[in-house]
Amino acid sequence: MENHKVSESAESVFQVVGLAREVVLIQKENFKKFSGLLERTAVFLQEISKLKVKDVESVSLALEGLKLEVQVAKQLVSECSKGNKIYLLLSCKRIVEKLESSSKSISRAMAMFPLESLDVCTEINQRLVELKKNMEDDQCEYRVSAVEEEILHKIETGLEERTADRSYASNLLLRIAESVGISTEESEMKKEFDDFKNEIEHIESRSEALRMEQIILLLGNADMVTTPKEKEMMYFTKRNSLGRQLLEPLQSFYCPITGDIMTDPVETSSGFTFEREALEKWLALGNSLCPLTKTPLSKLSLRPNKTLRQSIEEWRSRNIMITIASMKPDIQSRDEQEVLPSLKTLDELCEKSELHREWVVMEEYIPIITGLLRAKNSEIRLHALAILCSLAKDKDDNKEGIAYSNDSIRYVVCSLARKVEESMLALQLLLELSRIIHLRNLIGGAQGCILLLVTLANSDDAQASEYAHELLDSLAFLDENVVQMARAKFFRPLLQRLFEGPVSIQVIMADTLADLELTDHDKQCLSRDGALKPLLQMLQLSDTEVKTVAVRALENLSGVAANGLQLIKEGAKNPLFELLFCHVLSKLRQHVAKTIMHLAMSTASPEASEDQIPLLETEEDVFKLFSLVSYTKPDTQETLLLTFHALCKSPSGFDIRRDLRQISAVKVLVHLCELDELGVRENAVKLLYYLTEDGDHPTFEEHVNTRCITTLVKIIKSSDKEEEKAAAMGIISHLPHNSQMSQDLLECGALEVIFDCLKNINASHEKEVVEKAAEALCRFTAPTNLEWQKRVAEAGIIPVLVKLLASGTTPITKTNAAISLKQLSESSSDLSVPVKISRLLGCCFAASEGICAVHVGICSIETSFCLLEANAVRPLVMLLGEADAGACEASLDAILSLIEDVKLQNGCKVLEEAGAILPIIKLLNSSCSTLQEKTLGALQRIFRLVDFKTRYGKSAQMSLVDITQRGSSNTKSMAAKILAQLNVLNEQSSFFDGNA
C-alpha cells in the first residue's frame with residue numbers, strides 16, 4: 001500500500017517536471033535547475049516504490065511532508081506558466097526567492113526518508129544514500145538574469161525621476177516584450193498590457209499593488225498601448241485645463257550661477273541647487289567653495305534634485321503645450337513678420353521632441369503648414385518643409401495627411417528646383433513620403449518631378465545625389481516614371497545636338513525647357529552649354545509657334561542674373577522689343593515682359609559690373625518701354641513697373657530716373673497710384689518714390705497736386721504693405737520744400753499721418769515707414785514757420801522724437817529726429833517767457849524751479865519747444881557716440897543750439913551736467929571733415945569760458961595738435977586758433993611748422 005503511494009508521488013513530481021520544462025516561458029535557466037531537482041526527487045521516489053518498507057509509519061510521514069512541498073512547487077510552476085508575462089518579469093526577484101525556498105523545503109523533506117527502514121540489499125541502499133546526500137548537498141543558485149536586472153533598473157530610474165517621456169516608455173516596453181517572448185505587434189502588446197492591468201487588481205499586498213500602479217503609469221506612456229483616440233482625448237483634457245496664459249518660471253528654477261532655467265539641477269551639501277554642468281565647470285576651474293555659502297564643496301557631494309527637475313519639466317511641458325495651441329493665428333497671418341517667428345518656434349519644438357510633434361498633429365497643423373509651401377518667402381518655405389519632414393518621420397498617418405493636403409506634393413516638387421538648402425529638405429520629405437507605396441504614384445506623377453530628380457542625381461552635391469538616387473529607385477516600379485527617367489538621363493547630352501537639328505525638334509526642346517522647373521545651377525549649365533543663342537535665333541523666325549516657345553524658354557532661363565547679363569550682351573533687347581510691340585502677338589506680351597524684367601533685374605544684381613552694357617541705352621528706349629505701361633493689362637503693367645524698379649537700382653539708375661522724369665513718367669505714375677488694382681498701385685508708388693530720390697524737380701510741382709497727396713495719405717493709412725507705405729511716405733519727404741507744397745501737404749492731412757507713423761515706433765515691422773516719417777517731419781519743424789512748429793509740438797511729437805534718439809531702428813531715423821529737435825530748439829529763445837530777475841538774486845533765480853537754466857525764462861515742450869524740458873539733452877549726448885557720422889553731426893547741431901549767442905555760459909553748464917563736453921572733444925578724431933569743422937567751431941566757443949578751458953583744454957590738446965598736422969587747410973587753421981586759446985601755441989610751436 002505504501003509502495004503505491006510512493007509511486008503516485010513520483011508520478012506527480014514527474015508531471016511538475018514536465019510543466020516546468022515545457023510550459024514555463026520565463027526564468028528558463030532557473031526553472032531548468034528547479035526541474036532538475038524535481039526530477040532527481042521523482043527518481044528517488046520511483047526507486048523506493050519498488051522496495052519493501054519495514055517502518056511504514058516513518059515513510060508515510062516523510063511522504064506526506066514531501067507531498068506538501070511538491071504541491072507548493074506545482075502551484076509556483078502553474079502561476080509562472082499561466083500568469084501575465086509582464087507581471088511575471090516584474091516579479092522575477094520574488095519568483096527567484098520562491099524557487100530557492102521551494103528547493104530548500106524539498107531537500108529538507110527528502111532528508112526525512114528513513115533509508116534504514118527499507119528492506120534492500122547493500123548495493124541499492126548505498127545508491128539511495130548517495131542520491132539522497134547529493135540532493136541535500138545540491139544548493140541550487142537561482143539568479144535574476146542580466147536583461148531582467150537592466151529592465152528593473154530602468155523601471156526604478158523612471159519611477160524615481162517620474163519621467164513621462166514617450167520614447168523611454170516605448171523602448172522599455174519593447175525590451176520587456178523581447179525578454180518574455182511577447183509579439184511586438186501593436187495589438188498584441190496592447191492586449192498583454194491590458195491583461196497586466198487587470199491582473200494587478202487581484203494583488204493582495206497593498207505595497208506591491210501600489211508599486212505596480214506606478215509602473216503602469218510609467219509604461220502607459222508607450223505608443224503601442226494607447227490608441228490615437230485615447231491619446232487625443234488625454235491631450236485635449238489636459239490642454240483645456242491649462243488655460244491660455246504661459247506660466248512664469250519660479251525663482252527656484254533658475255541656476256544661481258548661469259541665471260538660466262536648469263535642466264539637470266543638483267543639490268549641494270549646503271542645501272542650494274545649481275545646474276550640474278555649471279557647478280562642475282565651477283569646480284573644474286579650481287573653486288572648492290560653494291558659490292553662495294562659501295562652504296567647502298566637492299563633486300562627490302552633489303545629489304540630483306529630482307523633485308525640482310520634475311517640476312521644471314512639468315512647467316516647461318505645460319508652457320510648450322499652450323504655446324503650440326496659441327501660435328495658430330500668427331502662423332495663419334498674412335503678415336510674414338508675424339508668421340516667421342512663430343513658424344521658427346514650431347520648427348524648433350518639432351525637432352526637439354516626438355511628443356511635441358504629436359501635439360502639433362493633434363492641433364491640426366498639417367494643413368496649415370502644407371499651405372505655407374506655396375509662400376513666396378523662401379524662409380517660410382524652409383521652416384514649413386523642415387516641420388513636415390519631422391512629422392513625416394513619426395507615423396504613416398502623418399505621411400498621408402501631408403501628401404493629401406493642399407496639393408502639397410506639387411509644391412514640394414517645386415522646391416526641388418530652388419536653392420540647395422530648400423532642395424535638400426524637399427528631397428528628404430519626398431523620401432519619407434515614398435515609404436508608403438501608394439504615395440509613390442502621387443510623387444512620380446507630379447509635373448517635372450522625375451526630370452528634376454534625375455538632374456539632382458547627376459549634380460555635384462553628393463548628399464543630394466544620394467537622396468535623389470534613392471527616391472528614383474523607389475519610384476522606378478512605374479513604367480511611366482522609367483520612361484521619364486530615361487528621357488531626363490540623356491537630356492543634357494542631347495540638348496546641344498537637338499538645337500542643331502531641324503526646327504520641329506527645336507520647338508520640342510524649347511517647349512520642354514519652358515515647362516521644366518530648373519534650379520539656378522541648371523539654368524547656368526544650360527546657358528554654358530549654349531542654349532541661349534539658338535533660342536535667340538528662334539526669335540528671328542517668322543513662325544509664331546517657334547517665337548512663342550522660344551520666349552517662354554528664355555523667360556525660364558533668364559531668371560538667373562548671369563544668364564540675363566549674357567542675353568543683354570548677345571543683343572536680346574531688340575528682338576524682345578519687337579515682340580513686345582507686336583499687336584499680332586499680344587498674347588505673348590506678358591512672357592516677353594517677364595523676360596525683359598529678368599534682364600533688368602540682372603543689371604541690378606551683384607554680378608553686374610559698372611562697365612556692363614545697359615539694357616536701355618537711350619532716352620528713346622526708356623520712352624518706348626514706359627509708354628506700354630499706359631495701355632497694357634494689369635499683369636503686364638505690374639511686370640513693366642518692376643522692370644523699371646530694377647533699372648532704377650542698376651549702375652545706370654541715375655540716367656534712367658532722369659529720363660523717366662523728362663518723359664513725364666511722373667504724370668502716368670500719379671494716375672496709377674489712384675487705381676484700385678493693388679499690385680499695379682504698389683509698384684507705381686515705389687517707382688514714383690525712386691524718381692523723387694534725386695531731389696526737387698519741376699515735374700513734381702506740376703503733377704503732384706492735392707489730389708495726388710490725398711491719395712498718398714490714404715495709401716499710408718490703409719495699405720497693409722510696409723514697402724508701399726514707406727514709399728508713399730518717402731515721396732512726401734522728397735517733395736519740393738517750398739511753402740506752397742508744404743501747405744498742400746498740411747491741408748491734405750499729411751502731418752497727421754506722419755504723427756501716426758511716428759507714434760508707431762514700437763512696430764518693428766514698420767521701421768522703414770518710421771524712418772521716412774521722421775524725414776518727412778523735418779519740413780514742418782523748420783524755424784521759418786512758427787505755426788507749423790506749434791502744430792508739431794501740440795500734437796505731442798517732441799517726446800516721440802526724443803524717444804527715437806535712443807530707440808530709432810536706423811541711423812537715418814535718429815538723424816532726422818535730431819534735425820527736427822535742433823530746428824525746434826532754434827525757436828526756443830524767442831518763445832521762452834522772460835522773467836525779471838534782480839542782479840542780487842540773479843544767480844539764485846537761474847536755478848529756481850520753473851525757470852529754464854538755458855533760456856532763463858518760463859519754458860515748456862508745447863510752447864517753447866525747449867530741449868531741457870523735453871529731457872532731450874542726454875539722449876542727444878548719447879547719440880554723439882554713434883558710428884554714423886550723419887547722426888553725430890545732427891546731434892551736435894541740436895546740442896549747439898543751446899550755446900548760441902548769449903546762452904553760452906548757461907548752455908555750457910547744462911552741457912557739462914549732461915556729460916556732453918568730453919564726447920564733443922572725441923569728435924575731433926572723426927574722419928568726417930564736416931563734423932570735425934563743426935566740432936572745432938563748438939570748442940572755440942566753449943573755450944571762451946575760462947573755467948571750461950581750464951577743465952577740458954588738456955583733453956582736447958593732442959587731438960588738436962594732430963589736426964594741425966593732418967587736417968584740411970581750414971581745420972588746421974581752426975585747430976591752431978583753439979591751441980592759441982589754450983596757450984599751447986607758443987609753448988609747442990614746433991608742431992605747427994609750415995602749417996600757419
(message) As an exercise, state the distance from CD of E313 to OG1 of T263, rounded to the nearest 0.5 Å.
(response) 9.0 Å
(request) For atom CE of M321, decide whether the heavy atoms of other residues, nucleotides or ligands shown that lie under 6.0 angstrom number more than 12. (result) yes
(message) Quick check: closest heavy atoms across I312 and I261, and the distance to 0.1 Å?
(response) CG2-CG2, 4.0 Å
(request) Of all the heavy-atom pairs spanning K767 and E722, show the shortest one and how long it is. (result) N-OE2, 3.5 Å
(message) Would you say that V147 contacts R175 through its side chain, given a criterion of any heavy-atom pair below 4.5 Å between the two side chains?
(response) yes
(request) For the pair N319 (side chain) and L247 (backbone), establish whether a donor and an acceptor sit closer than 3.5 Å, ignoring hydrogens and angles. (result) yes
(message) Any non-hydrogen side-chain atom of L302 less than 4.5 Å from a side-chain atom of F274?
(response) no
(message) A side-chain contact here means heavy atoms from C-beta on lying under 4.5 Å apart; do R276 and P304 qualify?
(response) yes
(request) For L308 and P265, work out which heavy atoms get closest and say how close. (result) CD2-CB, 4.0 Å
(message) Run K98 and R94 through side-chain contact (heavy atoms from CB on, under 4.5 Å) and show every step you take.
(response) CA-CA 6 Å; K98 284 189 175 183; R94 182 173 55 81; 3.3 Å; yes
(message) Looking at E277 and K281, is any side-chain nitrogen of the basic one under 4.0 Å from a carboxylate oxygen of the acidic one?
(response) yes
(request) Taking R357 for its side chain and L391 for its backbone only, find out whether a donor-acceptor pair lies under 3.5 Å. (result) no
(request) Identify the two heavy atoms, one from I402 and one from T370, that lie closest to each other, and give their separation to 0.1 Å. (result) O-CG2, 4.0 Å
(message) Less than 4.0 angstrom from a charged side-chain N to a carboxylate O is my criterion; do D347 and K344 meet it?
(response) no
(message) Tell me whether the count of non-hydrogen atoms from other residues, nucleotides or ligands lying under 6.0 Å of CD in E723 goes above 12.
(response) no
(request) State whether a side-chain donor-acceptor pair under 3.5 Å links S405 with S408. (result) no
(message) Strictly by ring pair (Phe, Tyr, Trp, His ring centres under 6.0 Å), give each pair with a member in residues 403-430 just once, sequence neighbours left out.
(response) none
(request) Kindly compute the distance separating OH (Y467) from OG (S423), expressed to the nearest 0.5 Å. (result) 11.5 Å
(message) With rounding to the nearest 0.5 angstrom, report the OG1 to CD distance, T307 to Q310.
(response) 8.5 Å
(message) Taking A386's backbone N and O only, do any of them form a donor-acceptor pair with S390's side chain (distance below 3.5 Å, no angle check)?
(response) yes
(request) Please say which of K399, E432, E354 ends up in a side chain to side chain contact (heavy atoms under 4.5 Å, CB included) with D394. (result) E354
(message) When you compare the side chain of S311 with that of F253, does any pair of heavy atoms fall below 4.5 Å?
(response) yes
(request) Let me know which of V266, D264, T273 forms a side chain to side chain contact (heavy atoms under 4.5 Å, CB included) with R309. (result) D264
(message) Treating S342 as the side-chain partner and M327 as the backbone partner, does any N or O pair qualify as donor plus acceptor under 3.5 Å?
(response) no
(message) Just checking E348: does its CD atom have more than 12 heavy atoms from other residues, nucleotides or ligands closer to it than 6.0 angstrom?
(response) yes
(message) Within the structure provided, determine whether N377 and L340 are in side-chain contact (heavy-atom separation under 4.5 Å).
(response) yes
(request) Give a yes or no answer on whether the side chain of R334 reaches the backbone of D720 with a donor-acceptor pair at less than 3.5 Å. (result) no
(request) Applying ring pair (Phe, Tyr, Trp, His ring centres under 6.0 Å), name anything that partners Y365, two or more places apart in sequence or on another chain. (result) none
(request) Looking only at non-hydrogen atoms, find the nearest pair between L297 and L289 and report the distance. (result) CB-C, 4.1 Å
(message) So F272 and P291, do their side chains get closer than 4.5 Å, heavy atoms only?
(response) no
(message) With a 4.0 Å cut-off on N to O distance, would you call K376 and E336 a salt bridge?
(response) no
(message) Under the rule for salt bridge (charged side-chain N to carboxylate O under 4.0 Å, His left out), what residues qualify as partners of D260, not counting sequence neighbours?
(response) none
(request) Kindly compute the distance separating CD (Q332) from CG (L372), expressed to the nearest 0.5 Å. (result) 9.0 Å
(request) Specify the closest pair of heavy atoms between A384 and L343, including all atoms of both residues, with the distance to one decimal. (result) N-CD2, 4.2 Å
(message) Working note: I369 + V360, criterion side-chain contact (heavy atoms from CB on, under 4.5 Å); need CA distance, chi angles, decisive distance, verdict.
(response) CA-CA 10 Å; I369 303 302; V360 166; 5.8 Å; no
(message) Between K154 and E150 (salt bridge meaning N to carboxylate O under 4.0 Å), is one present in this structure?
(response) yes
(message) Return the CD to CG distance between E97 and L99, rounded to the nearest 0.5 Å.
(response) 10.5 Å
(request) Could you walk me through whether D884 and K814 pass the side-chain contact (heavy atoms from CB on, under 4.5 Å) test, one step at a time? (result) CA-CA 10 Å; D884 185 81; K814 295 179 181 181; over 6 Å; no
(request) For T345 and P341, indicate whether the former's side chain and the latter's backbone hold a donor-acceptor pair under 3.5 Å. (result) yes
(request) Could you please spell out the steps behind the side-chain contact (heavy atoms from CB on, under 4.5 Å) verdict for N406 and L373? (result) CA-CA 9 Å; N406 289 318; L373 293 174; over 6 Å; no
(message) Keeping S465 on the side-chain end and A462 on the backbone end, is there a donor-acceptor pair under 3.5 Å?
(response) no
(request) Answer whether the closest heavy-atom distance between the side chains of I331 and I368 falls below 4.5 Å. (result) yes
(message) Quick check for you: to the nearest 0.5 Å, what is the distance between E275 atom CD and I257 atom CD1?
(response) 9.5 Å
(message) Within the structure provided, determine whether H153 and E156 are in side-chain contact (heavy-atom separation under 4.5 Å).
(response) no
